Amino acid sequence: FMLLTKKLIEVRNVLKSIDHNDTLKLPSIVVIGSQSSGKSSVLEAIVGHEFLPKGSNMVTRRPIELTLIHTPHSKEEYGEFPSLGLGKVHDFKRVQQTLKDLNMAVPESECVSPKPIELRIYSPNVPDLTLIDLPGYIQITSKNQPISLKEKISELCEKYIQEPNIILAVCAADVDLANSEALRSSRKVDPLGLRTVGVITKMDLVEPDRGVAILRNQDYPLHLGYIGVVCKAPSVASKDNMTQAVMKVEDAYFRSAYQFSQRGVAVGTGTLRRKLMDILEENMGSNLGSIVKAVQKELDETRYQFKVEYNDQKMSAESYVAESVDKLKHRFKDFSKAFGKPQVRQEIRHMLEQRMLDICAQRYWSDPRLSELSQLDSSPTAEEDRLYWDLQLEWASSALTKSGVGRQTTQRVVDILTKTMEHLSEAEPFNHHPEAAETIKVMTHEILSSRSQATADQVENTIKPYKYEVECTDGEWTEGVKRAITLVQTELEMCEDALAKIKTTVGTKKLRKAINYVIASDREEAKRAERREAVAKLREASPQSYLEDRSSESSDSAGDQEHQEDADHELREHHGEDEDELEAAIRPHFNPKLLNKAREALSLRDRALILKYRLSALKSKTCKSSKNKTQCPEAFLAVVAEKLAYTSVMFIQVELMNEFVFQLPRMIDSRLGVKIGQEAMEKFARENPLVGKHLELMDKRIKLEEVWEKLNYLVRRQEEAKARKW
Ligand code: GDP
């Protein structure tokens, strides 16, 4: 009994969750009536609880879609707001407050909103029904309500009382039915009253004869008829069975007058409930065919779409999560294979060699005494020179070993790992998942920062001996020389490339001219400095005599100044040149940018010269033996760099790399993998729009198939019932 309604309500809720279009509409009971007609009282009597917001200030501003779910095997009674996620609400006072809050959230300026509030009530005492409570019709517009409010409410109600919905038109017995807004509206859409039930409330307020006359109603006949009720909540209502309490009062009232027991007079909330269930069941039954058709159509379309768009390929949040994590782990594995010990060593070596080149440039290649270096042995004043260059080498070596190798080499590897993981976290599919990408970065940081200090300390500790002495075998030396040659060679090539680039951008001729000018003006500058020095010396040697013969002409200080300048000028003239004029003659031809380029080219040329010179030194017989390391600093530093690299990497590999490669995949599993739980996986999967669409369509298909099963079962039952009747 009443199975159809129950099942179809279930179907309705499933269909609702898949965002179906309106073709799958199932009939609901829509409650309309004027304000204070007793609408809320009737609904509460049906539900058995006081749960609707009350008050004089337009408390129903949004439609309330009320689904009653009969739960015969459970004593539990509770409400649920599916879109709020509050869970089960057992306290009906809280249901009432929530409804009130939701209604009051509609701004005063709007007054009513068409957006429905969904509420489900589960109870063993309610029938399976879907009811929609609408804002009451208002008669007069009060002074702080806009004129259009009346129309707004009428429009909202009109939208809901369309087919296939059943209309519950609530009218108070003490108000002339001719004035009933509810009846007037329902007649517009359902003139014969084929789907309209009249509910006459406040039957206790009129004489029984008059009451019965209203129910018999000749003036406004409804096919489904009228039912009279007395829904005045008893003053001391016991909360749990309000329906019973109301019905007791009601029964007593209707029994008190013989008129109500006449044939064709329907009275009582109990009768109303039964009638509503019957009507809904029947209505659902007659709608079943069209519902089945609509579901069938939707299902066919969904299946087709699923086939065309996804080739029937199944998809789940879990499989997507697993796949994404696998991808990440695979990529990481590929990286860790490609970035093994040799690659780490190369990185570190490269870093140390760059430092070594910097030291050479600073300490050797710009030393004006550099040319002495290769003649160190043959030079007669060897002793002092030797000491100088030995100290240079010592300084250079310790500049390399004491430069914070532990921290810097570790940091280098940390940087590479961080960059790589950042890169992986931005690649497909994690580009769709900013939170997960952030998690990848956080995990990387966690592991690395927990290891890097210890690693750096370990490295620093083990390279400590090199800070005092670096011994090297013949084999190591030979290797060092080779490496030094390569490095200097590369440096030379870079130098020459840069020079060539300047030549092509500026033009050879133009550059040559600019260079000549720079050389000339530098030479001038040097001369000028020389002269200034000479003058200063002169002045120092005989300040008196220098000024004496001029002091008679003027004695103030400004004059003195002038005289000095004159003297300078004279001195200049003596040399037969005037530099101001010289500069003025040449400068206009060159712009400062060009001159800068020329200077750059000049310094590159000098640099290349020095590097070539060092290259031939490194290739000479002297550098064949490690005994001559003083003369071959590049080779010796290359040996030191190699030793530092080798030792550093040994510890970085053990303390940092291995640990990272071991820990990261485990962390990925626990923080991003399927262990994160169903809800988190759903959220993750839907972040990817393509996957989200796929999942949605699949979800839709599954739900429609489920609904289809249910409907089929109902159709079979209906046919069986028909067969039995015959
Ligand atoms: P609504 O505005 O249409 O929801 O009307 P309410 O349900 O809030 O009822 C308006 C007033 O009428 C309230 O004070 C109720 O107590 C009262 N009322 C409702 N039903 C009856 C009834 O059957 N008999 C009497 N005497 N009063 C009723």
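The model shown is predicted, which means the values in this text are computed figures rather than measured ones. Indexing begins at 1, ligand by ligand and atom by atom, following the structure's order.
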**Student:** Pick from His694, His432, His433: which one makes a ring-ring contact (aromatic ring centres under 6.0 Å, His included) with Tyr320?
**Tutor:** His433

**Student:** If we only count N/O pairs under 3.5 Å, is Ser40 in contact with ligand 1?
**Tutor:** yes

**Student:** Return the option from Lys202, Glu250, Met203 holding the heavy atom at the smallest distance from atom 20 (N) of ligand 1.
**Tutor:** Lys202

**Student:** Which one holds for Val170 and ligand 1: side chain close, backbone close, both close, or neither close, with close meaning a heavy atom under 4.0 Å?
**Tutor:** neither

**Student:** Please identify which atoms of ligand 1 are closer than 4.0 Å to at least one heavy atom of Val230.
**Tutor:** 23 (O)

**Student:** Could you tell me whether some N/O pair between Thr201 and ligand 1 is separated by less than 3.5 angstrom?
**Tutor:** no

**Student:** Is Asp174 salt-bridged to Lys202, going by a charged N under 4.0 Å from an acidic O?
**Tutor:** no

**Student:** Salt bridge between Glu250 and Lys248, side-chain N to carboxylate O under 4.0 Å?
**Tutor:** no

**Student:** Quick one: does Cys231 get within less than 4.0 Å of ligand 1, heavy atoms only?
**Tutor:** yes

**Student:** Can you figure out which of Ser36, Ser41, Ala45, Ser34 has its heavy atom closest to atom 15 (C) of ligand 1?
**Tutor:** Ser41

**Student:** Report, in ascending order of atom number, the atoms of ligand 1 lying under 4.0 Å from any heavy atom of Asp204.
**Tutor:** 22 (C), 23 (O), 24 (N), 25 (C), 26 (N)

**Student:** Which residue pairs satisfy the salt bridge (charged side-chain N to carboxylate O under 4.0 Å, His left out) criterion with at least one member in residues 28-45, sequence neighbours excluded?
**Tutor:** Lys39-Asp133, Glu44-Lys54

**Student:** Tell me if a side-chain donor or acceptor on Thr439 pairs with a main-chain N or O of Glu435 at a distance below 3.5 Å.
**Tutor:** yes

**Student:** Does any N/O atom on Lys54 come nearer than 3.5 Å to any N/O atom on ligand 1?
**Tutor:** no

**Student:** Hey, are Lys693 and Glu696 close enough for a salt bridge, meaning a charged N less than 4.0 Å from a carboxylate O?
**Tutor:** no

**Student:** Find the distance between CG (Leu129) and CD1 (Ile29) and round it off to the nearest 0.5 Å.
**Tutor:** 4.5 Å

